[in-house]
Amino acid sequence: MANSKTTLILLIAFLLSLLCELLIIEVDLNIKGWDCIEGERIALLEFKHGLKDPFGQLSSWVGADCCKWRGVKCNNQTGNVVKVDLKNRDGFSYLGGEISDSLLDLKHLNYLDLSLNDFQGIPIPDFLASFERLKYLDLSYAEFGGMVPPHLGNLSQLSYLDLHGVEYETGVSNLNWLSGLSSLKYLDLGKVNLSKASTDWMQAVNMIPSLLELHLSSCELSGFPHYSNSFVNLTSLLVIDLSYNNFNTTLLGWLFNITTLGNLVNLDLTYNNIGSEGIIELVNGLSVWCNNSLEELHLGHNGLGGGHQLPDSLGNFYNLRYLDLSFNSFDGPLPNSIQHLTNLERVLMGFLGRVYIDIFNCDVSPMFPSWLRTQKRLRNIILKNVRISDTIPEWLWKLDINWLDLSRNQLYGELPNSLSFSSTAYFVDLSFNRLVGRLPCSFNVTWLFQGNNLLSGPIPSNISDSSSLEILHVSGNFLNGSIPASIDKIEYLSVIDLSNNQLSGKIPKKWNNLNQLYAIDLSKNKLSGGIPSWLCSISSLWHLILGENNLTGELSSCLQNCTELYSLDLGNNRFSGEIPEWIGERMSSLKQLRLRGNMFTGDIPKQLCRLSHLHILDLAVNNLSGSIPQCLGDLIALTSMALLHKEFDEDMSYDSNFDHMELVVKGQDTVFESILPIVNLIDLSSNNLWGEIPQEITNLLTLGTLNLSRNQLIGKIPQKIGTMQGLETLNLSCNHLSGPILMSMASITSLSHLNMSHNLFSGPIPTTN
């Protein structure tokens, strides 16, 4: 407790000292005082003349009184310029050019900030070391380059120095000049190359006893110098940032004499290679001397290998708020002592981090971690894929949680009748576990994921009491009975996924109040009847997935009101009639159309060729006739070579939970999920199509799968088929095609599955060299 009070006193003293310095600089600036001194006004104008100011940041630098210019502050009693602050605060309106030595005429300058500008690699001016009164110097992220002037060590009154680099390399030959900065409290040399000072940096820093914060991130440091008195003078040090270097020793005793850092609040060693033994040694040492002061400990990305467990001493940091052990690996459960860390607000562990307690892809414990019960400040808990095999304790539902992710474990047992947290939780994911029993009747949850469990029974009719629900995702369970009409009362519902259950009956006739729905997935159930008319009133619908049911009838023309549809999947039902022309005329945003396994008849409508975003067209296993439309070769999404190597971005997928579709590729049923946006497929197989394969089909340069098998096609293989460099699967089997197998097909290097059997081809089979 005493150490904690000492730390608080030091922090307050630091803030008060900086405040006093700023008050000295800006005292009574809003009261009328002396006008700008003419010589200093001229010096500022010469300084302005050397700068590049494309965004007019210095447009106010006109007139006689320079004390009123933007970024300039004067002493109210003498009129001397004491502060020049030209920091680029909007991230856009940067300054550049040269730094004129006319600034030397500002004899009383004690504050200079040129940070976040773009000086395009010019050196830091040597003359800055001549400002004897300077207390604050910030040149960070301003794109200076070259060697840091060692004469900066002459600035004996400097309390704040930030030279953090960005793109242009800066460096030092040594750090001996730091010994002259006897008043320094804040030092940031991030991105400054200190490799030439690797043997003396610790000794140099130790010569600044006033230092409170040390930031040496990304400085190309590796190994700790053999210096027995390292950090011995830095008894006031509160923050040490040595992240993004290449420290690889396990002998952290070289780093510092831990007994001198009893006031340390924040230690950041992220992105080094310290190793398991080094981290354990560090935690054990800090837990003795910094147990009451340390609030943030960053040890992520440090090569913490298997075969080691986190030490029990981790639980000794009673004031710890932030703990980062992400992108390491360790064996065994977390130590029980972690329950003593009652001030924790954020923990990152495992291999991906988001916020707060964030642990996954590692072994926490087969038992549900009881230490979570003692955490009073936690709002987000992520324990994903951490091999917990236990029931969910009742006390969990009483916590004030905003985000709860317990997915991909082996949780079992029943859920309570009501998932009622102390306040509305935004996100709850319990999917991919072994939970049994009924679906809870009500939830004060906004996004709820309970898919891929063993839940059974009907969906409760009073589920409508869950008025806060926006996403209901309970796919992959054993729910049965009919879909309750009362869901219509959940007015903010935007996503509903009841797929892959055992639901029967008809889709409710009246869900007229669900005006915010953008995704509906009722696939893989036992639903019957047709598509209700209320669906036609949801113009904002993106995903309509009704495949693998027993739905019947013709497609109602009212569906053409769903003009924003991104994905339409009606596959493997018993729909009949002709494929409507309005799909191509009205659904201009459609990217994925799956109508396979129905009883559609007639021709393939040419209007489908207008769907410029369409990259999946699956009409297989119907009773379609006529010829293949030549205009299919005009599908824009399948013709551009620029799209052949397209990568994922947010525009490709509106919601990863609904980017899934079952397609036949390489002769096998395959469910595509995360990569669905880059799957390019046309499947017209198992119909009664006749005529020749149109030559225009070879325009589809990015098509990955083309299946025309089991039709009545005649003629030859299109002459330019070798240009279809995106093809991975080509199936032309069971037709009446004839002629030679073109040699150009051997140039399709991506082709891995080819079936041309049961045709009338002749001649040799093409081979590659």
Side-chain angles (χ1 to χ4, degrees), residues 333 357 359-360 364-373 375 378 380-484 486-487 490 493 495-504 521 524-526 657:
I357 290 291
I359 308 172
F360 57 103
V364 171
S365 169
M367 306 297 291
F368 200 92
S370 59
W371 53 267
L372 287 175
R373 190 175 188 177
Q375 308 305 308
L378 289 180
N380 293 24
I381 298 177
I382 300 176
L383 294 170
K384 181 177 181 178
N385 192 23
V386 293
R387 304 184 185 94
I388 297 176
S389 179
D390 198 357
T391 58
I392 300 176
E394 292 185 7
W395 52 260
L396 183 69
W397 311 116
K398 300 177 182 179
L399 298 180
D400 185 8
I401 294 177
N402 181 58
W403 193 289
L404 176 65
D405 187 348
L406 303 178
S407 63
R408 298 183 184 277
N409 285 289
Q410 299 174 32
L411 297 169
Y412 55 88
E414 296 188 10
L415 294 171
N417 289 331
S418 174
L419 295 188
S420 181
F421 297 93
S422 59
S423 62
T424 298
Y426 184 77
F427 179 101
V428 173
D429 190 348
L430 305 176
S431 60
F432 292 94
N433 281 288
R434 295 185 293 165
L435 299 171
V436 299
R438 301 296 183 93
L439 188 69
C441 297
S442 62
F443 329 85
N444 63 339
V445 176
T446 304
W447 290 13
L448 178 63
F449 297 84
Q450 289 184 289
N452 296 93
N453 278 284
L454 304 173
L455 302 176
S456 59
I459 299 174
S461 59
N462 58 346
I463 194 174
S464 57
D465 295 340
S466 306
S467 59
S468 62
L469 264 182
E470 294 180 9
I471 293 180
L472 177 61
H473 196 298
V474 290
S475 66
N477 283 285
F478 296 92
L479 302 176
N480 55 34
S482 60
I483 302 174
S486 59
I487 289 179
I490 310 176
L493 196 65
V495 172
I496 182 168
D497 186 350
L498 307 179
S499 65
N500 199 16
N501 280 286
Q502 299 175 5
L503 300 170
S504 58
D521 189 347
K524 296 186 177 181
N525 281 289
K526 301 175 182 179
N657 292 296

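One is the number of the first residue; the rest follow in order along the sequence. Hydrogens, waters and symmetry mates are skipped; everything else that's a heavy atom, side chains included, is used.
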Inset, instruction - Flag the pair I401 / L396 as yes when at least one side-chain heavy-atom distance between them is below 4.5 Å, and no otherwise. - result: yes
Legend entry - Non-hydrogen side-chain atoms of D521 and S475 separated by less than 4.5 Å: no
Legend entry - Full working for side chain to side chain contact (heavy atoms under 4.5 Å, CB included) between L406 and I388: CA-CA 9 Å; L406 303 178; I388 297 176; 5.6 Å; no
Legend entry - Donor-acceptor contact below 3.5 Å, side chain N480 vs main chain Q502: no
Legend entry - Atom pair CD1/CD1 of I487 and I496 - distance to nearest 0.5 Å: 4.0 Å
Legend entry - S431: side-chain contact (heavy atoms from CB on, under 4.5 Å) partners, not counting sequence neighbours: S407, D429
Inset, instruction - Return the minimal non-hydrogen interatomic distance between T446 and Y426, and the atom names on each side. - result: CB-O, 3.3 Å
Inset, instruction - Find the distance between OG1 (T391) and CG (L415) and round it off to the nearest 0.5 Å. - result: 11.0 Å
Legend entry - S461 side, atom OG; I483 side, atom CD1 - distance, nearest 0.5 Å: 14.0 Å
Legend entry - Contact check, side chains of L411 and F368, non-hydrogen atoms, under 4.5 Å: yes
Inset, instruction - Looking only at non-hydrogen atoms, find the nearest pair between R408 and K384 and report the distance. - result: CD-CE, 4.2 Å
Inset, instruction - Taking the side chain as every heavy atom from C-beta outward, state whether L472 and I490 have any atom pair closer than 4.5 Å. - result: no
Legend entry - Closest heavy-atom pair and its distance - I392, L435: CD1-CD2, 4.3 Å
Inset, instruction - Check whether any side-chain heavy atom of L448 lies under 4.5 Å from a side-chain heavy atom of L419, and answer yes or no. - result: yes
Inset, instruction - Indicate yes or no: at least one non-hydrogen side-chain atom of L404 is less than 4.5 angstrom from one of V445. - result: no
Inset, instruction - Check for a donor-acceptor pair, side chain of N501 on one end and backbone N or O of N477 on the other, with a separation under 3.5 Å. - result: yes
Inset, instruction - List the atom of V386, the atom of L383, and the distance in Å for their closest heavy-atom pair. - result: CG2-O, 3.7 Å
Inset, instruction - Mind listing the closest non-hydrogen atom pair of W395 and L372 along with its distance? - result: CH2-CB, 3.9 Å
Inset, instruction - Look only at the side chain of N409 and the backbone of R387, and say whether a donor-acceptor pair between them is shorter than 3.5 Å. - result: yes
Legend entry - Distance (rounded to the nearest 0.5 Å) between L503 CG and S482 OG: 8.5 Å
Inset, instruction - May I ask you to test the V428-F449 pair for a side-chain heavy-atom distance under 4.5 Å? - result: no
Legend entry - Rounded distance (nearest 0.5 Å) linking atom OG of S389 with atom CD of Q410: 5.0 Å
Legend entry - Heavy-atom side-chain contact between F427 and I382 under 4.5 Å: no
Inset, instruction - Applying side chain to side chain contact (heavy atoms under 4.5 Å, CB included), run through L454 and F478 and close with a yes or a no. - result: CA-CA 6 Å; L454 304 173; F478 296 92; 3.7 Å; yes
Legend entry - N453 side-chain N/O to L455 backbone N/O, donor-acceptor pair under 3.5 Å: no
Inset, instruction - Taking all heavy atoms of S456 and all of R438, pick out the closest pair and write down the distance. - result: O-CD, 3.3 Å
Inset, instruction - Count the heavy atoms belonging to other residues, nucleotides or ligands that lie under 6.0 Å from CG of N462, then report whether that count exceeds 12. - result: yes
